[in-house]
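Both counts, for ligands and for their atoms, begin at 1 and track the order of listing.
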Amino acid sequence: MKAKIVLLPGDGIGPEVTSQAVRVLDAVAKKFGHTFLFDSKRIGGIAIDETGDPLPQDTIDACKASDAILLGAVGGPKWDDPNAKTRPEAGLLRIRKELGLFANLRPIVTFDELLDSSPLKREIIEGTDILFFRELTGGLYFGPSGTEELADGQQRAYSTAVYTTKEVERIVRMAALAARKRKGKLTMVDKANVLEASRLWRRVTAKMMKDEFSDLEYEVVLVDSMAMHLLSRPKSFDVVVTSNMFGDILTDEASMLPGSLGMLPSASLGSDGPGLYEPIHGSAPDIAGKGIANPLATILAAAMLLRHSLQLDAEAADIEAAVKKVLAAGYRTADLAPKGSSTLGTIAITDKVLELL
Ligand code: IPM
Ligand code: MN
């Protein structure tokens, strides 16, 4: 097959890790007889520096005309001034909105080889396999917000969580369909004891589970309690669905179960059109340019891209198997290795993935 893939390397370690994922995609294309055409575009801090806009129009146009998008990371201390006109993160939020990417899939799977890199006990995390569905284009991130000057010289700032029935339905449906293909359990996380928007989530989801998904096991957990259960009984979760802000926080917490943020990919999908794939980790400015960043999350994001946007399941599984073999053979990047042990850099560990592909 022939596919157009837009690359959005972004800032910090973004360019280093995306270029390694491209090497892997090229190797897969060769092995399976596909043609992947890559087009690199600007987003985030680098786009602000070069164009004044964290998401230039030509980036949006190229993404809309593509089959899939692979993103590195955005942001860094250089653009962190709270008084700045715009921020790198605004580019990421806008591309999600422009492309209608309402569902953010974040698989949290422990690798047997890395159980000891987690700060948590082996017996708790072993066998964890959770698929998070984080709502991505609504809620607190996109509701009415602003800052007002008060007469007494204070400022008053607000952000609002807003959801409609349809917004809840489409993400819950996607999550429930995924649960049906997995272990058949859906957990919905909200704060319905306090928040009005959460009570809508609660009503809409309960009705759908009764009308459309009565074959699934359904559980509701309050978000504060979920923060605890994720660490005490991670194995009991299958598919978890939640709002934008709660999903942002809980998936960072959950990323500690497999031990390193450096291993976790994510996919952002809409109802049609290209999906956007990225590592969960950020731009890691402290290690940018040193050649030591772990590219495996981005390489696994490339596997998700093949599976979800190009329907190339065998190719995706091939990449995932190669990554597992690299870990099984004992190769580690600095973030995965105990202090003082020998490690491979960004390019060298990708060489191993290519050898084992
Ligand atoms: C994420 C990130 C983003 C978010 C930031 C960079 C805007 O934390 O993808 O989880 O909050 O969604
Ligand atoms: Mn986040």
Side-chain angles (χ1 to χ4, degrees), residues 8-15 17-18 42-48 53-55 59-60 63 69-82 84-108 130-143 145 159-163 167 171 189 223 226-227 230 240-258 260-270 275-286 288 293 297-298 300-301 304-305 308:
L8 303 177
D11 307 316
I13 60 170
V17 292
T18 24
R42 288 172 296 213
I43 192 170
I46 178 158
I48 296 178
D53 183 349
L55 187 67
T59 299
I60 301 176
C63 287
I69 303 150
L70 185 67
L71 180 131
V74 299
K78 182 172 173 200
W79 307 280
D80 260 351
D81 177 3
K85 263 206 338 274
T86 182
R87 302 175 53 93
E89 290 81 1
L92 189 55
L93 297 181
R94 248 170 60 214
I95 190 90
R96 292 171 177 169
K97 200 73 173 174
E98 289 276 351
L99 300 176
L101 306 172
F102 63 83
N104 185 217
L105 281 62
R106 297 187 166 186
I108 303 287
I130 310 174
L131 180 56
F132 272 89
F133 280 78
R134 166 189 175 194
E135 201 290 327
L136 204 58
T137 52
L140 266 177
Y141 275 63
F142 292 96
S145 68
S159 303
T160 326
V162 183
Y163 275 108
E167 283 175 313
I171 180 91
V189 178
V223 64
M226 185 67 178
L230 260 182
V240 177
V241 64
T242 190
S243 61
N244 203 344
M245 183 87 255
F246 297 160
D248 179 45
I249 299 168
L250 290 176
T251 53
D252 262 31
E253 184 192 1
S255 75
M256 278 295 101
L257 297 164
S260 172
L261 216 50
M263 293 303 300
L264 298 177
S266 87
S268 302
L269 308 175
L276 182 147
Y277 302 82
E278 57 181 309
I280 286 192
H281 63 68
S283 58
D286 51 322
T298 316
L300 292 170
M304 287 188 93
L305 180 157
H308 293 285

query = What residues, two or more places apart in sequence or in another chain, satisfy salt bridge (Lys or Arg N to Asp or Glu O under 4.0 Å) together with R42?
reply = E50
message = The criterion is salt bridge (Lys or Arg N to Asp or Glu O under 4.0 Å); which residues satisfy it with R134, sequence neighbours excluded?
response = D248
Can you see which heavy atom on [X] is nearest to which on [Y], and at what distance?
| X | Y | answer |
| --- | --- | --- |
| L305 | I69 | CD1-O, 4.0 Å |
| Y163 | E135 | OH-OE1, 2.8 Å |
| P88 | G45 | CB-N, 3.4 Å |

query = When only distance counts, is R106 in polar contact with ligand 1, meaning an N/O pair under 3.5 Å?
reply =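 In this structure, R106 places an N or O atom under 3.5 Å from an N or O of ligand 1.
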query = Is R134 close to ligand 1, meaning an N/O of one under 3.5 Å from an N/O of the other?
reply =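 By distance alone, the answer is yes.
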ask   = Near the Mn ion (ligand 2), which protein N/O/S atoms fall under 2.8 Å?
value =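 Under 2.8 Å from the Mn ion (ligand 2) - ignoring waters, which are not counted - the protein N, O or S atoms are D248 OD1.
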query = Taking S159 for the side chain and S145 for the main chain, is one N or O donor matched with an acceptor at less than 3.5 Å?
reply =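 Side chain of S159 to backbone of S145: no pair is present.
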Side chains of residues 99-107: which donor-acceptor partners sit under 3.5 Å, not counting sequence neighbours?
{"residue": "N104", "atom": "OD1", "partner": "R106", "partner atom": "NE", "Å": "2.6"}
{"residue": "N104", "atom": "OD1", "partner": "R106", "partner atom": "NH2", "Å": "3.3"}
{"residue": "N104", "atom": "ND2", "partner": "A267", "partner atom": "O", "Å": "3.3"}
{"residue": "N104", "atom": "ND2", "partner": "S268", "partner atom": "OG", "Å": "3.1"}
{"residue": "R106", "atom": "NH1", "partner": "T251", "partner atom": "OG1", "Å": "2.8"}

task = Have a look at ligand 1 and work out which part of R96, if any, has a heavy atom under 4.0 Å from it: side chain, backbone, both or neither.
result = side chain
message = Please list, in number order, the atoms of ligand 1 under 4.0 Å from a heavy atom of E89.
response = 6 (C), 7 (C)
ask   = Quick one: does R87 get a heavy atom under 4.0 Å from ligand 1?
value =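 The answer is no, since R87 has no heavy atom less than 4.0 Å from ligand 1.
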